[in-house]
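Input: a single structure, listed below in structure tokens.
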There are 2 protein chains.
Amino acid sequence: MSIREEKKQKTKQAIMDAAITLFSTNGFENTSIEELAKAAGVGKGTVYGYFQTKTEILHAFCEYELDQIHKELVKQANPNAPILEQVLTIYMTEFNHVTRNKEFGRIFMRQTVFPDENDAQDHLEIDDKYFQLLFPILKKAQDRGELRKNIELLHITRHFYGLYILIMSSWYTGRIPTEEVSSALELIFRQALEGLQPHSDSKSK
Amino acid sequence: MSIREEKKQKTKQAIMDAAITLFSTNGFENTSIEELAKAAGVGKGTVYGYFQTKTEILHAFCEYELDQIHKELVKQANPNAPILEQVLTIYMTEFNHVTRNKEFGRIFMRQTVFPDENDAQDHLEIDDKYFQLLFPILKKAQDRGELRKNIELLHITRHFYGLYILIMSSWYTGRIPTEEVSSALELIFRQALEGLQPHSDSKSK
DNA sequence: TGATAATTTCGACTGCAGTCGAGACTTAAA
DNA sequence: TTTAAGTCTCGACTGCAGTCGAAATTATCA
């Protein structure tokens, strides 16, 4: 690797590291780019050579975090557990990660759900990753007869996602305390499922 | 009314009017407070005498708009229509209003769902108004047997609200085009209802 | 190795949200 | 009508996100 590329690598990492530290310690809004630049040992303009906007720095870390979460999920997943259990596990794992840095999670959710015009594109990718995780799980559940066959999987993922956003929103606005998030999510997913699973009196399994 | 109060009234209205015009014409982000102040014929500082932040100006108009929407809804409501129809009417009316000023609606939704720490309180009121509108409708539907009796009304309102947020988000991020919002909403509400209404083979009405 | 081209770095600069205190206007009381 | 207290108005000022072009660093090739 050339000197140039090596330096770039290092600089970018230094900026990322500084960002993670400062955002976590002082919050996103309370961290100025100038401050961040100084902490990373570079000039302000340099930061903008690596990231186009302040939120983009957040996104970079978000993507990394989400990757971690997804990897973890894929590992610990139990593809034969009831669908409710699996879906709950997925979202609660995500929630627990977000919990560790509330500030961070709020901005991430906000940008994902109602992004600025400029960076609306970024998030389509993230969503893709989410759908790709959920699809096989739902497919299996459908095969097992836990979910109706006459509903598109995409609509089911959306349904769950919508309810997750709702609960997150309630949490961020203080309507649901942290310790009740799990039960609230379970309750509303259960509600959703009663409609998603086939109506039949022959509840075999 | 004293001269002073009269003046204040007028000034506030002038700011509001200028805001509505400029935000609608040039968008929220592209309108500076200085510009707004000039259009209203006052100094910059004066604007901040009436509103604490730029978003608060938006909120003032939002509240007004929502009031209009709610009044309209209460009038045109048909309390005996099927629950799906009623709920769809409510949200589509809201959506249509938002459509008229997309910019505006996006920021409103965003602030409502994932607000800044500072103005998290504001929105609890708005939500209350929403719940008070939905409650009697759902209660009636429950009495008619269209909704299960063993689910708290609050959870039902939340369920619908979550799905509405999801659809709005999909619209804002361009995943659902305007002309499909109505059918997407209907589809997902139908999904939700199949679980919300009692399971029974005696589908009388 | 030296000279030129390509890339990267930097901080002074622009534009805007929000603050603040000096001064203008309004009210109340004599 | 005068004056003192209370209230409102204003724009200069602060702080920060993001831009830009001049200077420094690295690559390329004779």
Side-chain angles (χ1 to χ4, degrees), chain A residues 1-19 22-23 25-61 103-104 107 110-111 115-120 122, chain B residues 1-19 22-23 25-61 103-104 107-108 110-111 115-119 122:
Chain A
M1 192 188 288
S2 68
I3 292 178
R4 194 161 257 174
E5 276 181 67
E6 213 165 293
K7 262 195 172 178
K8 275 181 82 173
Q9 206 84 16
K10 268 189 190 164
T11 305
K12 183 156 192 178
Q13 197 54 52
I15 294 171
M16 281 287 293
D17 290 348
L22 290 175
F23 289 176
T25 312
N26 309 328
F28 177 71
E29 267 99 359
N30 296 323
T31 303
S32 74
I33 295 289
E34 225 153 340
E35 205 181 336
L36 172 61
K38 194 173 277 182
V42 300
K44 189 178 181 178
T46 304
V47 173
Y48 283 94
Y50 291 88
F51 301 93
Q52 301 216 0
T53 64
K54 199 183 176 190
T55 31
E56 205 180 292
I57 303 174
L58 211 50
H59 291 175
F61 181 61
E103 172 66 8
F104 171 87
I107 290 161
R110 189 205 267 219
Q111 279 295 322
D116 292 337
E117 269 92 47
N118 353 350
D119 49 21
D122 275 9
Chain B
M1 194 189 288
S2 68
I3 291 176
R4 192 161 262 170
E5 275 181 67
E6 212 164 293
K7 262 193 172 176
K8 276 181 81 174
Q9 206 83 17
K10 267 188 191 164
T11 305
K12 184 158 192 177
Q13 197 55 51
I15 295 171
M16 281 288 294
D17 290 347
L22 290 175
F23 289 174
T25 312
N26 308 327
F28 177 71
E29 267 99 356
N30 296 323
T31 304
S32 74
I33 295 290
E34 224 153 340
E35 205 180 336
L36 172 61
K38 195 174 276 183
V42 299
K44 190 177 181 180
T46 304
V47 173
Y48 283 94
Y50 290 88
F51 300 94
Q52 301 216 357
T53 65
K54 199 182 175 191
T55 30
E56 206 179 290
I57 304 175
L58 211 51
H59 291 175
F61 182 61
E103 172 65 10
F104 172 87
I107 290 163
F108 173 64
R110 187 204 266 218
Q111 278 296 322
D116 292 337
E117 270 91 45
N118 353 350
D119 49 23
D122 275 11

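Both backbone and side-chain heavy atoms feed into the values below; hydrogens, waters and symmetry mates do not.
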Item to check | Atom-to-atom span, NZ of A:K12 to P of C:dT8 - whole angstrom | outcome: 12 Å
Checklist entry - Roughly, in whole Å, what's the span from CD in B:E35 to C1' in C:dC16? => result 11 Å
Checklist entry - When you measure from the side chain of B:E35 to the backbone N and O of B:S32, does any donor-acceptor pair fall under 3.5 Å? => result yes
Checklist entry - D:dC8 C1' sits how many Å from B:E6 CD, rounded? => result 16 Å
Next on the checklist: Strictly below 4.0 Å: does A:T46 bring a side-chain N or O up to OP1 or OP2 of C:dT8?
Outcome noted: no
Checklist entry - Below 3.5 Å, does any donor atom in the side chain of A:R4 face an acceptor in the base of D:dT25, or the other way round? => result yes
Checklist entry - Which heavy-atom pair separates A:F23 from A:L58 by the least distance, and what is that distance? => result CD1-CD1, 3.6 Å
Checklist entry - Would one find a side-chain N or O of A:K7 under 4.0 angstrom from OP1 or OP2 of C:dT8? => result no
Checklist outcome for this item: With the side chain defined as heavy atoms from C-beta on, B:K44 is closest, among D:dT26, C:dG18, C:dT8, to C:dG18
Checklist entry - Just how far, in rounded Å, is P of D:dA27 from NZ of A:K8? => result 12 Å
Item to check | DNA chain C: 5'-proximal contact among A:V42 and B:Y48 (nearest heavy atom) | outcome: A:V42
Next on the checklist: How many whole angstroms separate atom CD1 of A:I15 from atom P of C:dT8?
Outcome noted: 13 Å
Item to check | Interatomic distance, B:E29 CD vs D:dA17 P [rounded to whole Å] | outcome: 16 Å
Checklist outcome for this item: 5'-most contact on DNA chain D (nearest-nucleotide basis), B:T11 vs B:E34, goes to B:T11
Item to check | B:L36 to B:A19 - nearest heavy-atom pair and separation | outcome: CD1-N, 3.3 Å
Next on the checklist: Distance criterion of 3.5 Å, no angle test: do you see the side chain of A:K54 paired donor-to-acceptor with the base of D:dG18?
Outcome noted: no
Next on the checklist: Does C:dT27 have its OP1 or OP2 closer than 4.0 Å to a side-chain nitrogen or oxygen of B:S2?
Outcome noted: yes
Checklist outcome for this item: Whole-Å distance, B:I33 CD1 to D:dT9 P, equals 16 Å
Checklist entry - Which heavy atom of B:F28 sits nearest a heavy atom of B:K54, and at what distance? => result O-NZ, 3.0 Å
Next on the checklist: Under 4.0 Å, counting only non-hydrogen atoms across every strand here, what does B:G45 touch: a base, just sugar-phosphate, or nothing?
Outcome noted: base
Next on the checklist: From CD of A:E5 over to C1' of C:dT8, roughly how many Å is that when rounded to an integer?
Outcome noted: 13 Å
Item to check | Nearest atoms (heavy-atom pairs only) where B:E56 meets B:F51 | outcome: OE2-CA, 3.8 Å
Next on the checklist: Which nucleotide wins on minimum distance to the side chain of A:Y50, given the candidates C:dT9, D:dA27, C:dT26?
Outcome noted: C:dT9
